[in-house]
Amino acid sequence: DWRDVDQSWTAEMALPVSDMVARGESFGVGSHWTMMLARYNYGRYLDWKELSMAPAISKTNYHLIEDYATIDFVK
């Protein structure tokens, strides 16, 4: 509701494994992926904008793939 003032937020994402491996990437034990979660926070009641990401990267540039976190799939 754009008329209220948010106190918090939650995000959930689901990706079909079939789409993730469609180009030959492996999935499962022994696989290694990289990822970064990022958000651009702005809104009607904010007079500033915030960029945040996890993991923290060396500078605010979401294209720094070498700074992304590694996900290791283990049993």
Side-chain angles (χ1 to χ4, degrees):
D1 184 351
W2 64 269
R3 294 167 294 227
D4 68 357
V5 177
D6 294 335
Q7 300 300 313
S8 65
W9 63 275
T10 300
E12 182 176 327
M13 180 174 68
L15 302 169
V17 172
S18 59
D19 290 348
M20 299 299 290
V21 299
R23 296 185 184 162
E25 298 86 353
S26 62
F27 176 80
V29 176
S31 298
H32 308 281
W33 288 11
T34 57
M35 74 175 281
M36 184 198 44
L37 302 174
R39 79 181 176 123
Y40 183 73
N41 189 25
Y42 65 95
R44 178 179 178 162
Y45 301 105
L46 302 175
D47 59 356
W48 50 269
K49 293 178 179 135
E50 174 190 38
L51 301 173
S52 56
M53 71 280 314
I57 55 179
S58 57
K59 62 181 176 177
T60 305
N61 179 340
Y62 294 156
H63 301 283
L64 296 175
I65 296 171
E66 61 274 8
D67 288 353
Y68 286 16
T70 300
I71 299 172
D72 298 316
F73 291 88
V74 297
K75 185 173 181 182

> Quick one: do Val21 and Val74 end up in the same hydrophobic cluster if we chain Ile, Leu, Val, Met, Phe, Trp and Tyr together by side-chain heavy atoms under 4.5 Å apart?
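No, it is not one cluster - the side chains of Val21 and Val74 are not joined through contacts under 4.5 Å.
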> Evaluate the criterion side chain to side chain contact (heavy atoms under 4.5 Å, CB included) for residue pair Met53 and Thr60; output intermediate values, then yes/no.
CA-CA 9 Å; Met53 71 280 314; Thr60 305; 4.2 Å; yes
> Would you please name every residue forming a side chain to side chain contact (heavy atoms under 4.5 Å, CB included) with Ser26, sequence neighbours left out?
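Testing Ser26 for side chain to side chain contact (heavy atoms under 4.5 Å, CB included), a comparison that skips the adjacent residues, returns Ser31.
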> Who pairs with Tyr62 by ring pair (Phe, Tyr, Trp, His ring centres under 6.0 Å), at least two apart in sequence or on another chain?
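If we apply the ring pair (Phe, Tyr, Trp, His ring centres under 6.0 Å) test to Tyr62, skipping adjacent residues, there are no hits.
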> Can you list everything that forms a side chain to side chain contact (heavy atoms under 4.5 Å, CB included) with Asp4? Sequence neighbours excluded, please.
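Partners of Asp4 under the side chain to side chain contact (heavy atoms under 4.5 Å, CB included) test: Asp1, Asp6.
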> How would you list, by chain and number, every residue that makes a side chain to side chain contact (heavy atoms under 4.5 Å, CB included) with Ala69, sequence neighbours excluded?
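For Ala69, the residues satisfying side chain to side chain contact (heavy atoms under 4.5 Å, CB included) (neighbours in sequence not counted) are Pro55.
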> For residues Leu51 and Leu37: do they belong to one hydrophobic cluster (side chain heavy atoms under 4.5 Å, members Ile, Leu, Val, Met, Phe, Trp, Tyr)?
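No, separate clusters.
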> Checking Thr34 now: which residues fulfil side chain to side chain contact (heavy atoms under 4.5 Å, CB included) with it, not counting sequence neighbours?
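With sequence neighbours excluded, Thr34 shows a side chain to side chain contact (heavy atoms under 4.5 Å, CB included) to Tyr68, Thr70, given in chain and number order.
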> Which pairs, with at least one residue in residues 12-24 and sequence neighbours excluded, count as a side-chain hydrogen bond (donor to acceptor under 3.5 Å, both in side chains)?
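Applying side-chain hydrogen bond (donor to acceptor under 3.5 Å, both in side chains) to every pair that reaches into residues 12-24, excluding sequence neighbours, yields nothing.
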> Under 30°, 30 to 60°, or over 60°: which ring-plane class applies to Phe73 and Trp33, parallel, tilted or perpendicular?
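Correct class here is perpendicular.
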> Is it possible for you to say whether Met35 and Ile57 belong to one hydrophobic cluster, with membership spreading through side-chain heavy-atom contacts below 4.5 Å?
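No; tracing contacts between hydrophobic side chains, which count when under 4.5 Å, never links both residues.
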> Do Asp67 and Lys59 make a side-chain contact, defined as non-hydrogen atoms from C-beta onward lying under 4.5 Å apart?
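Contact flag for Asp67/Lys59 side chains = no.
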